[in-house]
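In what follows, chains carry the letters A, B, and so on, assigned in the order in which the sequence lines appear, proteins first and then strands, with residues in each chain numbered from 1. Given the structure is predicted, the values throughout are model-derived calculations rather than measurements.
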Amino acid sequence: MAMKKSSKLTQTAMIKQIVRRCSSLGKKQSNVYSEDVNGHPLDVPKGHFVVYVGENRVRYVVPISFLTRPEFQLLLQQAEEEFGFDHDMGLTIPCEEVVFRSLTSSMLR
Amino acid sequence: MVKPFWRIGAERSKINPTKNDGLTWYNDLGLHASGEFSMAMIQANSVMEDQCQIESGPLTFNNPAVQGTFVGVYDGHGGPEASRFIADNIFPNLKKFASEDGEVSEQVIKKAFAETDREFLMAVKKQWRTNPQMASVGSCCLAGVVCNGLVYIANAGDSRAVLGRSERGGGVRAVQLSVEHNANVESARQELWSMHPNDPSILVMKHRMWRVKGIIQVTKSIGDAYLKRAEFNREPLLPKFRLEEHFTKPILSADPSVTVTRLKQGDEFMILASDGLWEHLSNQEAVDIVHSSPRQGIARRLLKAALKEAAKKREMRYSDLKEIHPGVRRHFHDDITIIVVYLNSQMVKTNGWASPLSIRGGNSMH
């Protein structure tokens, strides 16, 4: 039971982390984010990358494990159809934020 | 200091076999007719579409005096068939025409491109009933020949060849030897508009990029039969490749832009690479890396520098990028092929003392 509870807690924390909105930063270009000495963006933990979602290009930090999920691959396919592979301002996902958030949180359940 | 020739044999102990390490293929150091070379490739697409080769030794079938080095980088699209076809056929075609003329020349190289394209279109025609999608497969083709103190660079597409030339004051300057054919390059657009003055939709901006007929960014290629002959632009080819209007004049051409450069004492090396490298590194950045690093594994070092840039653009760690599977990986970077060809001025002058060599890259990748 305890384990279940703790894993549930971790999940909640993860969901929070994933849907962490940086709306005040969302419209800035990726290269303005601060980096550590190794050139890693400070707010992106190991095992994660950044996508920009919806018309307002809101920035989301997501785990790379999402890349193996068919639902997420579908989003990337949409991105390819809409923008090709040339994303000079970060990987942009043409999907409503609400949809993106419900989809990604369901992927963690 | 120039090494005596008898030493070159001893240097061969440094030469490494080719290796296939997951998504990466490489040959860290080898010897061609006019110096050393290093090759590296990485796959991002679910099927590796890049191919490459280096051939060193006789450049004709009938005159052993015509020796040199041939280097090719083939960046395929729509599938690997066209780039593989080029790797199988362009060098034999070059040798055939060089044998007829008794030498390598700009004309010989242009004929080799034309012949390879013609043969590929013939193969497409043969397979039209069983495999019509072959009509939408194509490849950029970058070829370099070092022979008689000259370097010929022939390009159809958007791969690039850059020369590292020593400056008097120290350092090495990047000199681009190839002309690019991508609709997002002004000169390529002008050329296409002038060749198709009566077609207002020859170039269309789509996904924030210029595309030929709204479909493809490269303006020259081998293959892409559907944009060369109207007979291939019909059902059962996928609708996204089909044009509404009939055409009689080929829309894409396989005729390469050729530059010929006489090599000078300070010309240290050339980098030939697919656009996957150049979207992450500038000519000068790449040349600086080659100039300031050991030769062993230099192509892999460039590859790593490009991947680190790609990771930075996606705001992630290089160590995480390395774990991403092909297919989905294409959203992070393209297939990348890099060949670094060092130019030993003594060997360039004497036209080579290395034993004949033939290496293919990308063939064993999936």
Please say whether more than 12 non-hydrogen atoms of neighbouring residues, nucleotides or ligands are located less than 6.0 Å from CD in A/Glu55.
no
Under a 4.5 Å cut-off applied to non-hydrogen side-chain atoms, are B/Met316 and A/Ile64 in contact?
yes
Measure from the side-chain N and O atoms of B/Arg317 to the backbone N and O of A/Val44, and report whether any donor-acceptor pair falls under 3.5 Å.
yes
Assess whether atom CD of B/Gln176 is packed by more than 12 heavy atoms of other residues, nucleotides or ligands within 6.0 Å.
yes
So, taking the atom named CZ in A/Phe85 and the one named CD in B/Glu279, what distance separates them when rounded to the nearest 0.5 Å?
11.0 Å
Closest non-hydrogen atoms of B/Ser319 and A/Lys46, given as atom of the first, atom of the second and distance, are OG-NZ, 3.8 Å
Which atoms of B/Gln217 come close to chain A, meaning under 4.5 Å heavy atom to heavy atom: side chain ones, backbone ones, both, or neither?
side chain
Side-chain contact, heavy-atom cut-off 4.5 Å: B/Phe332 with A/Leu67?
yes
Between B/Glu315 and A/Arg59, does at least one N-O distance fall below 4.0 Å, as a salt bridge requires?
yes
For the student: nearest non-hydrogen atoms of B/His207 and A/Glu80, plus distance
CE1-O, 4.3 Å
Could you look at B/Arg208 and say if it's the side chain, the backbone, both or neither that has a heavy atom under 4.5 Å from chain A?
side chain
For atom CD of B/Glu244, is the number of surrounding heavy atoms from other residues, nucleotides or ligands below 6.0 Å larger than 12?
no
Interatomic distance, B/His331 atom NE2 to A/Leu75 atom CG [nearest 0.5 angstrom]:
10.0 Å
Is chain A contacted by the side chain of B/Leu321, its backbone, both, or neither, given a heavy-atom distance below 4.5 Å?
neither
Crowding at CD, B/Glu235 (>12 non-hydrogen neighbours, <6.0 Å)
no
If you compare all heavy atoms of A/Thr68 against all heavy atoms of B/His325, which two are closest, and at what distance to 0.1 Å?
CG2-CD2, 4.4 Å
